[in-house]
Trainee: 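Take a look at the following structure, please.
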Amino acid sequence: MKIALTGNPNSGKTTLFNAITGKIEHVGNWPGVTVEKKEGDVKQALLSGGESITVVDLPGAYSLSPYTSEESITKDFVVNESPDVIVNIVDAGNISRSLFFTTQLLELGVPVVVALNKSDLNEKKGTVIDTLLLSEALKCPVIETVATEGSNNGLASLMEAAVGVKGKKQSAPALRGSRKAETREEVEAVDKKRFALVSDIVDQVERRKINSSKQTTQDKVDRVVAHKWLGLPIFAAIIWVVFSVSQSWLGPVLADLFVGWIDAFYGVVEGAIGDNVNPVLSSLLLDGIIGGVGAVVGFLPLIMVLFFMLALLEDSGYMARVALIMDRFFKKIGLSGKSIIPMIVSTGCAIPGVMATRTIRNERQRRTTAMLAPFMPCGAKLPIIALFAGVFFNDNAWVGTSMYFLAIAMIIVSGLVIRMITGDKSVSYFIMELPEYRFPSLKRAAVSMFSRAKAFIIKAGTIILVCNAVVQLLQTFNWQFQVVAEDMPGTSILAALASPLAWVFIPLGFGLWQFAAAAITGFIAKENVVGTLAVTFSVTNFIDVEELALVGGGNEVMGVFGIGAVAALSYLVFNLFTPPCFAAIGAMNSEMESRKWIWGAIGFQLGTGYVLAFLVYQLGTLFTTGSIGSGFVPGLIAVGAMIVSVVYLIHKNNKTASEAVLKAA
Amino acid sequence: MKLNDAALDKEYYVSAINACEEGMGEFLFTLGCFPGEKITVISQVASSYIVSIKDARYSIDENLAAAILVEDSSLATLAV
């Protein structure tokens, strides 16, 4: 049989879904985390024999009249795909709103079971709900659940109740005229009665100790963290702590340990294959595969620590306040605080981030957000940040933090430019439910961290491995398929392919074919940047910088990479702000639903990466050495051309706009 | 009176919703924010408002606050 999970946003549907299926879908303490439907099978332990149950987790909705596109997924599913049973998850702390949706679901003719979730929080607040009376009033089973608990959570009884009602007829609480209502006025009149009915029920079944419209400690916290002047510095400080712990303190310590194991593994394999194997084959295995993949995987501990801390933040309820803080700034560029949610999700991975734009109703805002969210430093870009922070900037936390806020700043600037190009001046409203703060759960954060780590390892073992092997082969052979002489790496196929592009990068400070090759493989997956650099510079350990010094033979890092700190920063910026990986571009394409927008987005992102890297390198060189960097004039011409074309687009739009006004007149 | 002018911590009754964006009125309705229902402004932070509707907290911007018209509870009770 098939069960649909429905309920208001942030009522804990996905947490409950994970608890009953054993899956690890992404959860967070804010409304709108789930934007697509997800299926899973109920764990055997929760079934008292009988048939297997498939559960479908749906995006949250406040009613059956969808406001945003992800809400319509929910409506379409429960109305058209006739599940056997609907489990309606109701936040026990807010039945006066949630039961409105419940009464709508009860009229669909599909048996409903109400899961009164988060009932542990009610106990703490002294709110009492008479579930028997509620069940009588709604004419459907009501089960108290605590989906966050491992045991004694009511989930077995919930499943039992769901099996029990399958195929049975339930009669909905009487609402006169609800079947006949067609016009807007009629529907509204019925819905008013619906809320009146809900209020009646709540009056009967609920006893509250604390009136919810009174000030609480949480409200005091809100006034500080969302304060006009303090809000942003507090946000910056929190992100700085996150990056310090993951990139400067705990992360490198764990990474050192981990890289030691990888090195040991390298040694074991090297010893095992011995000297009798073809050198091309052994270097493919050792330097290409183990070395390249190892260089990427070496950053896993840093990434895991970062994901762990971000998961704690998401669990606390703070992220919804970030949306509130950012709304003010995003308003100015024609977006709203809602756009920050996809950007926060993008710090994990840009693909779900781009998909999260579905919660934005305005089409231009949605497309603009899908275009800009990939600027955020995602999990795959972290190894690049960590590499450059570690090698060139002594593991400083400011590198990661500043990249995070540079991304936000670039999003704001770009948003403004896109608004000028599209010429849309519409302003929209901002409303967002503020979830209650709670103490973040270490267990949930650990689960989220391991699921992301697993995805990272799978990616490293498949796509990254293949790419590194290809890079190693292309680097080993020249066009005549002869092995490249050791002192002439520039004659390889890889060098020949990447060199023309390297010319383009001279004004950005990194006109070496190795960097060009790494930037290209980065489009397949951003982790490849680190892998390709490892293979092309034959450095397998990026964590332990002292070892780099040995490889470089004296002049440390400069000797190995041939570029200085300013060019390194420029390369970092270039990789963060060029178009994301192909998978994320695919996600952008499907959310934008417009050829013009997707090509515009790719062009815009390429331009942003180039211009930003140019500025970082040339200005940085000017400040540090007092003279301009290499290739300034051609670079300036390229950057100038890009700016002129943007200005042309804005101008063209203004012209069409004024022509439209003239025509109208 | 617009919600922007409402006093903090005081319960008001919604008298009208004046939102120009299509669907916003209906959306607010599903949250329980429609004429006759209660609303309380909990705090004003920067240019946003934190309000309590039914048993939930929402953050709304000043544009939306201006679209929600409220009246004094005492007047509303008298009218009933």
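This one's a predicted model, so the numbers in the text were calculated from it and none came from an experiment. Residue numbers begin at 1 in each chain, while the letters A, B, ... track the order of the sequences.
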Trainee: With a 4.5 angstrom heavy-atom cut-off, which part of B:Ile42 approaches chain A: side chain, backbone, both or neither?
Mentor: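 Interface part for B:Ile42: both.
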Trainee: What residue, out of A:Glu188, A:Arg328, A:Arg97, has the most heavy-atom pairs lying under 4.5 Å from chain B?
Mentor: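 Among A:Glu188, A:Arg328, A:Arg97, the one with the most close pairs to chain B is A:Arg97.
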Trainee: Would you tabulate the side-chain donor-acceptor contacts of residues 117-129 of chain A under 3.5 Å, counting partners in other chains and residues two or more places apart, or write 'none'?
Mentor:
residue	atom	partner	partner atom	Å
A:Asn117	OD1	A:Thr145	OG1	3.1
A:Asn117	OD1	A:Ala147	N	3.2
A:Asn117	ND2	A:Ser11	O	3.0
A:Lys118	NZ	A:Asn10	O	2.8
A:Ser119	OG	A:Thr145	O	3.0
A:Asn122	ND2	A:Ala92	O	3.0
A:Lys125	NZ	A:Glu436	OE1	3.4
A:Lys125	NZ	A:Glu436	OE2	2.8

Trainee: How far apart are the closest heavy atoms of A:Asp327 and B:Ser48, and which atoms are they?
Mentor: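 Answer, listing the atom of A:Asp327 first, then B:Ser48: OD2-OG, 4.3 Å.
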Trainee: Any residues in residues 61-70 of chain A near chain B, with a heavy-atom distance under 4.5 Å, and which are they?
Mentor: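 The stretch touches chain B at A:Tyr62, A:Ser63, A:Tyr67.
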Trainee: Sort B:Phe34 into side chain, backbone, both or neither according to what part of it lies under 4.5 angstrom from a heavy atom of chain A.
Mentor: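 Just the side chain, heavy atoms under 4.5 Å.
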Trainee: Against chain B, label A:Ser336 side chain, backbone, both or neither, depending on which of its atoms sit under 4.5 Å from a heavy atom there.
Mentor: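 It is neither, since no heavy atom gets under 4.5 Å.
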Trainee: Side chain, backbone, both or neither: which part of B:Ile53 has an atom under 4.5 Å from a heavy atom of chain A?
Mentor: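 It is neither, since no heavy atom gets under 4.5 Å.
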Trainee: Verify, without hydrogens or angle tests, whether A:Glu433 (side chain) and B:Arg57 (backbone) share a donor-acceptor contact under 3.5 angstrom.
Mentor: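 Pair absent, no side-chain N/O of A:Glu433 close to backbone of B:Arg57.
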Trainee: Do any of residues 58-65 of chain B come closer than 4.5 Å to chain A, heavy atom to heavy atom, and if so which ones, in number order?
Mentor: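 So the qualifying residues are B:Tyr58, B:Ser59, B:Ile60, B:Asp61, B:Asn63, B:Leu64.
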Trainee: Please classify the contact of A:Arg208 with chain B as side chain, backbone, both or neither, using a heavy-atom distance under 4.5 Å.
Mentor: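 Only the side chain of A:Arg208 comes within 4.5 Å of chain B.
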Trainee: Evaluate the side-chain proximity of B:Leu31 to A:Ile431: yes if any heavy-atom separation is below 4.5 Å, no if none is.
Mentor: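 The answer is yes, as the side chains (C-beta and beyond) meet within the 4.5 Å cut-off.
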Trainee: Would B:Glu11 and A:Ser213 count as a side-chain contact (heavy atoms from CB on, under 4.5 Å) if you check the C-alpha gap in whole Å, the side-chain angles of each, and the deciding distance to 0.1 Å?
Mentor: CA-CA 8 Å; B:Glu11 207 160 64; A:Ser213 63; 3.8 Å; yes
Trainee: A:Ser96 and B:Asp55: side-chain donor and acceptor closer than 3.5 Å?
Mentor: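 Per modelled atom types, A:Ser96 and B:Asp55 side chains form a pair under 3.5 Å.
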Trainee: Are there over 12 heavy-atom neighbours, none belonging to A:Lys75, within less than 6.0 Å of that residue's NZ?
Mentor: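 Counting other residues, nucleotides and ligands, NZ of A:Lys75 stays at 12 neighbours or fewer.
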Trainee: Evaluate the criterion side-chain contact (heavy atoms from CB on, under 4.5 Å) for residue pair A:Gln215 and B:Asp9; output intermediate values, then yes/no.
Mentor: CA-CA 7 Å; A:Gln215 299 278 348; B:Asp9 281 330; 2.6 Å; yes
Trainee: According to side chain to side chain donor-acceptor pair (under 3.5 Å), who are the partners of A:Gln104, at least two apart in sequence or on a separate chain?
Mentor: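 Here no residue qualifies.
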Trainee: Between A:Lys331, A:His227, A:Lys214, who has the most heavy-atom pairs with chain B when the cutoff is under 4.5 Å?
Mentor: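 Greatest number of close heavy-atom pairs with chain B: A:Lys331.
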Trainee: Contact part of A:Asn211 toward chain B, heavy-atom cut-off under 4.5 Å: side chain, backbone, both or neither?
Mentor: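 The answer is neither part of A:Asn211.
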Trainee: Against chain B, label A:Asp222 side chain, backbone, both or neither, depending on which of its atoms sit under 4.5 Å from a heavy atom there.
Mentor: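 It is both, since atoms from each part get that close.
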Trainee: So for B:Glu26, is it side chain, backbone, both, or neither that comes closer than 4.5 Å to the heavy atoms of chain A?
Mentor: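 It is the side chain, since no backbone atom gets that close.
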Trainee: Take a 6.0 Å sphere around NZ of A:Lys192 and say whether it holds more than 12 heavy atoms from other residues, nucleotides or ligands.
Mentor: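 Result for NZ/A:Lys192: enclosed.
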Trainee: Does A:Tyr429 use its side chain to pair, donor to acceptor, with the backbone of B:Ala67 at less than 3.5 Å?
Mentor: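 Flag not set: sc A:Tyr429 to bb B:Ala67 has no pair under 3.5 Å.
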Trainee: Where does A:Phe430 contact chain B at under 4.5 Å (heavy atoms): side chain, backbone, both or neither?
Mentor: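 The answer is both parts of A:Phe430.
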Trainee: In terms of heavy-atom proximity below 4.5 Å to chain B, should A:Arg361 be classed as side chain, backbone, both, or neither?
Mentor: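 The side chain, not the backbone.
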Trainee: With a 4.5 angstrom heavy-atom cut-off, could you sort out which part of B:Thr30 is near chain A: side chain, backbone, both or neither?
Mentor: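 Both backbone and side chain.
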Trainee: Heavy atoms only: give me the nearest A:Ser212-B:Ser52 pair and the separation to one decimal.
Mentor: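 Where A:Ser212 meets B:Ser52 most closely, the heavy atoms are O-OG, 3.8 Å.
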